[in-house]
Amino acid sequence: MIPFLESSAVKPKAIRGMNDILPDVAGTWRYLETIVREVVESYGYREIRLPLVEYTELFRRSIGEVTDIVEKEMYTFEDRNGESLTLRPEATASMVRAGITNGLLHNQRQKLWTAGAMFRYEKPQKGRYRQFHQFDVEAMGYAGPDVDAELIIMCARMWRRLGVGRLSLEINSLGTPDTRARYREELVSYFSSVKSKLDEDSIRRLGKNPLRILDSKNPEMQQLITDAPVMLEFLDEDSSQHFAGLKTLLDAAEVPYTVNPRLVRGLDYYNLTVFEWLTDALGSQGGICSGGRYDGLVEKLGGRATPAVGWAMGIERLVGLYEVCGGEPRIGTPDVYIVAVGDAALGRGFELAESLRDALPAVQVQLNLGGGSFKSQLKRADKSGAAYAVILGEEEVARGEAGLKPLRSEEDQINVPLDNLAATIGQHF
Ligand code: ATP
Ligand code: MG
């Protein structure tokens, strides 16, 4: 039994790793999300809204059995039909599924974005949560590398618009499935030769998915990983050209990058381009935005072969970076606070508030509720952060006027006929 249902003396708890985004911070979230949306839409991406829950099988088949997500991070449950469902741990699989189920990929190309909550059973810590939020962008039907470059250049534009820095870009190419198969053999023989030094996860992966060993975050594994054979040396001609094409376009756009031949990304479906934007500003949770190409996934999930590429960005970490970089908090405050003292004034206050909202839909008008003396209402007006107080007392009402008091400057209060108030306030916003 959940304790707080038993007794009202025990306060309810939120689930570990699942956060309330409080109003003071939600303003910043919305600001960042708006800018990101504006940027991606300016590149021709259109919104798609997807369910939070999918058949478990979708994630097993797309992300891969031997991955952190599928092995230990999914929120999986049986619904009342006995079907196995999973709260989405990421958006690409759902995006591809939606493309197939809705016939969006037949002789068409799609540039799509979506955003929302993702769920992974991870160890909660700063920048790592169990419910977190992503902005996700996918281009389907494009073989690249032009679109790969554009997706990365689009990120660089976002960082400039948001005024965030301390970011670096790493790129790599995973080649074709053939390249990977040859590289895989090479890796298996290398890691087998040092098997006694491998950790438990890596030993398990050696048989099933040796590339994933390169993705290990265990510090004790890093030297072995550094000494491992390098994937880029195995690339075939076409893959090399694809990668060179990406680099040329990034160079031309003056987007700096480092080639990190050990960047493999934690999911199975990637091929060719993979990339990650990292920051040193948030401690060990440095991954802000990452993505890559997954040319085989649509076909693997039952659609017609369709090349595709995309990225996902963590909103919590973006908010963190924005704050570290000195981004202005976006706390929603009213523009105008109406102080109305007495019953007659309150009646006029309601009328006035509605007429101001009619005339100035973009101006935020807050009417004092719950009464109070002139002094206490004015105090609330000040505390609200509003730029102006509109003052309605009995005298003002009798004269058909209101006092307009600037709260954030030294200017004097003026009296304005009620009919002129909207026009006067409109001049200031
Ligand atoms: P990490 O290496 O930090 O675990 P990841 O490789 O698992 O990240 P992706 O699956 O590529 O991350 O997701 C893209 C982005 O989503 C990450 O760069 C990060 O910003 C964010 N992200 C991923 N997992 C979490 C989480 N548990 N909490 C908060 N943000 C997350
Ligand atoms: Mg992870």
Side-chain angles (χ1 to χ4, degrees), residues 15-19 21 25 29 32-33 36 59 62-64 66-75 86-96 113-138 151-152 155 158-159 162 164 166-172 174 201 205 211-219 221-222 225 260 262-270 273-294 297 309-324:
I15 297 170
R16 214 162 103 78
M18 304 206 178
N19 300 313
I21 312 303
V25 184
W29 277 57
L32 298 183
E33 285 163 350
V36 173
F59 300 117
S62 56
I63 296 169
V66 193
T67 57
D68 280 351
I69 292 180
V70 171
E71 281 181 336
K72 42 190 183 199
E73 296 176 357
M74 295 206 299
Y75 279 91
T86 293
L87 297 182
R88 63 179 183 193
E90 56 107 41
T92 306
S94 310
M95 197 80 112
V96 170
W113 70 265
T114 197
M118 308 292 153
F119 302 85
R120 297 184 194 173
Y121 192 81
E122 299 204 64
K123 189 166 160 233
Q125 51 198 292
K126 189 168 177 289
R128 190 175 296 287
Y129 308 103
R130 290 181 175 172
Q131 175 176 325
F132 63 100
H133 299 78
Q134 280 185 345
F135 202 99
D136 185 85
V137 173
E138 313 286 348
L151 278 163
I152 292 173
C155 294
M158 258 161 21
W159 314 140
L162 294 170
V164 296
R166 296 180 67 172
L167 278 157
S168 61
L169 170 66
E170 294 189 352
I171 62 173
N172 189 23
L174 303 180
D201 269 349
R205 284 169 180 179
L211 258 73
R212 187 69 7 83
I213 300 177
L214 300 179
D215 216 23
S216 164
K217 295 202 170 83
N218 182 353
M221 290 289 300
Q222 296 315 306
I225 291 171
N260 173 1
R262 291 188 173 80
L263 181 68
V264 293
R265 310 283 311 117
L267 296 79
D268 260 7
Y269 50 60
Y270 288 115
T273 310
V274 287
F275 61 91
E276 186 159 21
W277 289 92
L278 298 157
T279 181
D280 63 357
L282 299 177
S284 47
Q285 267 48 264
I288 297 281
C289 174
S290 58
R293 195 157 262 293
Y294 49 95
L297 185 60
V309 56
W311 54 246
M313 189 173 70
I315 306 287
E316 281 83 353
R317 294 187 194 173
L318 182 65
V319 170
L321 182 63
Y322 176 77
E323 288 170 352
V324 171

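Positions are given from 1 along the sequence. In listed order, ligands and their atoms are each counted from 1.
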ask   = For ligand 1, is there an atom lying under 4.0 Å from some heavy atom of Arg128?
value =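 Judged by the 4.0 Å heavy-atom criterion, Arg128 does count as contacting ligand 1.
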inquiry  = Please confirm whether Arg317 approaches ligand 1 to less than 4.0 Å, judged on its heavy atoms.
reply    =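 So Arg317 counts as touching ligand 1.
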Measuring from [atom], which candidate in [options] has the nearest non-hydrogen atom?
| atom | options | answer |
| --- | --- | --- |
| atom 29 (C) of ligand 1 | Gly314, Ser284, Gly127, Ser290 | Gly127 |
| atom 26 (C) of ligand 1 | Phe135, Trp277, Tyr121, Phe132 | Phe132 |
| atom 17 (C) of ligand 1 | Gly291, Gly287, Gly286, Gly292 | Gly287 |

Contact (N/O only, under 3.5 Å) between Ile288 and ligand 1 =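 There is such a contact, yes.
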request  = Compute the shortest N/O to N/O distance between Lys217 and ligand 1 and return yes if it is under 3.5 Å, no if not.
outcome  =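 Right, the criterion is met.
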key: Atoms of ligand 1 close to Gln134 [distance to a heavy atom under 4.0 angstrom, numbered from 1]   =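 Here the atoms of ligand 1 in question are 13 (O), 14 (C), 15 (C), 16 (O).
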inquiry  = Suppose I only count heavy atoms of Cys289 and a 4.0 Å limit; which atoms of ligand 1 are within that range?
reply    =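 Taking each heavy atom of Cys289 in turn, ligand 1 has 18 (O) under 4.0 Å.
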message = Under 4.0 Å between a side-chain nitrogen and a carboxylate oxygen: does that hold for Lys72 and Asp201?
response =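 Salt bridge between Lys72 and Asp201, a charged N being under 4.0 Å from a carboxylate O: yes.
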task = Answer yes or no: is there an ion pair linking Glu71 with Arg212, defined by an N-O contact shorter than 4.0 Å?
result =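 Judged by the 4.0 Å cut-off on N to carboxylate O distance, Glu71 and Arg212 do not form a salt bridge.
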ask   = Is the backbone of Leu263 close enough, under 3.5 Å, to the side chain of Asn172 for a donor and an acceptor to pair up by distance?
value =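 Judged by distance alone, yes, a pair lies under 3.5 Å.
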ask   = Is a side-chain N or O of Arg262 found less than 3.5 angstrom from the main chain of Ile225, in a donor-acceptor match?
value =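 Present.
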ask   = Given Gln125 and Gln285, is the side-chain hydrogen bond (donor to acceptor under 3.5 Å, both in side chains) satisfied, shown in steps?
value = CA-CA 9 Å; Gln125 51 198 292; Gln285 267 48 264; 3.3 Å; yes
ask   = Is the closest side-chain heavy-atom distance between Met95 and Asp136 below 4.5 Å?
value =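 Side-chain contact under 4.5 Å: yes.
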request  = Kindly state each residue pair satisfying side-chain hydrogen bond (donor to acceptor under 3.5 Å, both in side chains) with at least one member in residues 311-321, sequence neighbours excluded.
outcome  =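 Every pair satisfying side-chain hydrogen bond (donor to acceptor under 3.5 Å, both in side chains) with a residue in residues 311-321: His133-Glu316.
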